[in-house]
2 protein chains.
Amino acid sequence: MKPRENLDTIHAAALEVFADYGFKKATLEDIAAALGMTKANLYRYARNKRDLYENTVRWALLRWQARVGEAIAGERDVERQFRVMCRKAVEYLSGDAHLSRLLMRDPEIFPMFAEQDPYADINRASMAMIRRILERGIAEGRFRTVDLASVPEILFSIYKMFIIRMYIRTKDRPLDSMFAQTVELLCRGLVLPEPPGGPAGEPQASRRRP
Amino acid sequence: MKPRENLDTIHAAALEVFADYGFKKATLEDIAAALGMTKANLYRYARNKRDLYENTVRWALLRWQARVGEAIAGERDVERQFRVMCRKAVEYLSGDAHLSRLLMRDPEIFPMFAEQDPYADINRASMAMIRRILERGIAEGRFRTVDLASVPEILFSIYKMFIIRMYIRTKDRPLDSMFAQTVELLCRGLVLPEPPGGPAGEPQASRRRP
DNA sequence: TCATTAGTGAACAAAATATTCATTTGTTCA
DNA sequence: TGAACAAATGAATATTTTGTTCACTAATGA
């Protein structure tokens, strides 16, 4: 038998099937068929159906997180870093058709909205990333000294933007402008009015109304 | 109990559920729940699940057909009538979210493509409408004397346009221009080069390349 | 060769689901 | 009012699905 390189193939297939049918209606045989193998073999990769599901979501969320991380790695200026983080987070989340469909389909498991979030650790990682940006912004004197307890709220905003984007996708609303406005609002609470002498990073164009 | 007016409500709900899950994964309980009643009661309106499915598709297709019929009823000029028929047929077919999703989901039952089409009668009605237009066009001297055996092929073209439109919907391709081109091609085979003295209807703008 | 990993087929208990039917709940109208 | 009728239900049943296990086979690598 051809050895299967890694779990990625299984997770990718499972993600698609779960996104198509939701947890309940998706069957292990659907997933196995998509992979060209029998359902019994799936038990080598997950203890049971629920496990396969959670592992899959976890895998997809981590991939999403990693992409956002890469996107902001190149940014030198904190303000830009913050903006890119917000934009990319929503972009990738709604861009990955399967992940977004999955998150919309089984709302009871949507991170941060479930009674007890099975993906709390992943959200924690996201929040750590946000916190790092805030801390750096504050240290560089670019951001106000905000309470770091507001970090979860920023992540929450991002999810909210994603949901809105998903639900109104069919209509051709000027969503991106609405989205930009939200990011703008977040920034206005963060970024200091005018950096006195120009700090570490080169002066970024930060459109702000007078 | 409140008496239920007619079958429309049941069919509408069934259409939505079947479109969401496909025939196999949709359960009678899903449909009943959507209607706020118990599945047992569904058997008052259809002999079994398959029956409910076929009745529902039939109902949706007939509604679609009726709308196209209304749309062309107002047109005086045959050429315009033909164009409107093509355009509206695809528009309504892909516009009715549930119907289109349903037709895409269970391809084996897609009219004209199934081994033995359970909706042959409805297609026949559509073809009768097309034939009436052709006959009128020929009688008025606006159309070439085409073989009426080509009627099914025109209906087939319409379905084909619909399918393409559905599959590429996500990408923002200039679909409507592609679509218009197809109609143009159909027309070019039909409409006579130049009506000598101007026939019954007022002269319609029929964009044709030299 | 042996050890290890990947995969299968059959079997089974539990759950889901289509279908039936006797009964209940409203509605209509004499 | 109450008889006749239609709409809907709850429970029961027969049949499939489906999640899960396990003994067993096939391929790979050293």
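From a predicted model like this one, the values you see are computed outputs, not experimental measurements. Each chain gets a letter, A, B and so on, in the order its sequence line appears, and its residues count up from 1.
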Requiring both pairing distances under 3.5 angstrom, list the stems that contain DNA chain C and are made of three or more consecutive Watson-Crick or G-U pairs.
C:1-30 with D:1-30

Do A:Tyr45 and A:Asn55 have side chains that approach each other closer than 4.5 Å (heavy atoms only, starting at C-beta)?
no

Are the side chain of A:Glu75 and the backbone of A:Val84 linked by a donor-acceptor contact shorter than 3.5 Å?
no

With distance as the sole test, does A:Lys49 use its side chain to make a donor-acceptor pair with the main-chain N or O of A:Ala26 at under 3.5 Å?
yes

Counting side-chain heavy atoms from CB outward, which of D:dG10, C:dA18, C:dG9 is closest to B:Thr38?
D:dG10

Winner on side-chain proximity to B:Ala40, out of C:dT8, C:dC21, D:dT20, is C:dC21

Without decimals, in angstroms, what is the distance between [X] [atom1] and [N] [atom2]?
X       : N      : atom1 : atom2 : value
A:Asn48 : C:dA13 : CG    : P     : 20 Å
A:Phe23 : D:dG19 : CZ    : C1'   : 10 Å
A:Arg47 : D:dG19 : CZ    : P     : 18 Å
B:Asp51 : C:dA18 : CG    : C1'   : 13 Å
B:Met37 : D:dG10 : CE    : P     : 13 Å
B:Asn41 : C:dG26 : CG    : C1'   : 13 Å
A:Leu52 : D:dG19 : CG    : C1'   : 12 Å

If you assign A:Arg44 and B:Tyr43 each to the DNA chain C nucleotide with the nearest heavy atom, which residue ends up on the more 5' nucleotide?
A:Arg44

Evaluate ring pair (Phe, Tyr, Trp, His ring centres under 6.0 Å) for A:Tyr21 paired with B:Tyr21, printing each intermediate quantity in order.
CA-CA 7 Å; A:Tyr21 301 124; B:Tyr21 302 125; 8.3 Å; no

Listed pairs, N/O of protein and of nucleotides 15-18 of chain D, under 3.5 Å:
none

Judged by modelled atom types alone, do A:Arg76 and A:Gln81 share a side-chain donor-acceptor pair under 3.5 Å?
no

Say whether A:Ser126 and A:Asn123, considering side chains only, have a donor N or O and an acceptor N or O under 3.5 Å apart.
no

Find out whether the Lys NZ or Arg CZ of B:Arg58 is both under 6.0 angstrom from the six-membered ring centre of B:Tyr119 and within 45° of the ring's axis.
no

D:dA8, OP1 or OP2 - any side-chain N/O from B:Tyr45 closer than 4.0 Å?
yes

Pair A:Asp77 + A:Arg142, salt bridge at N-O below 4.0 Å
yes

Can we say A:Arg67 and A:Glu70 salt-bridge, meaning some charged N sits less than 4.0 Å from an Asp/Glu carboxylate O?
no

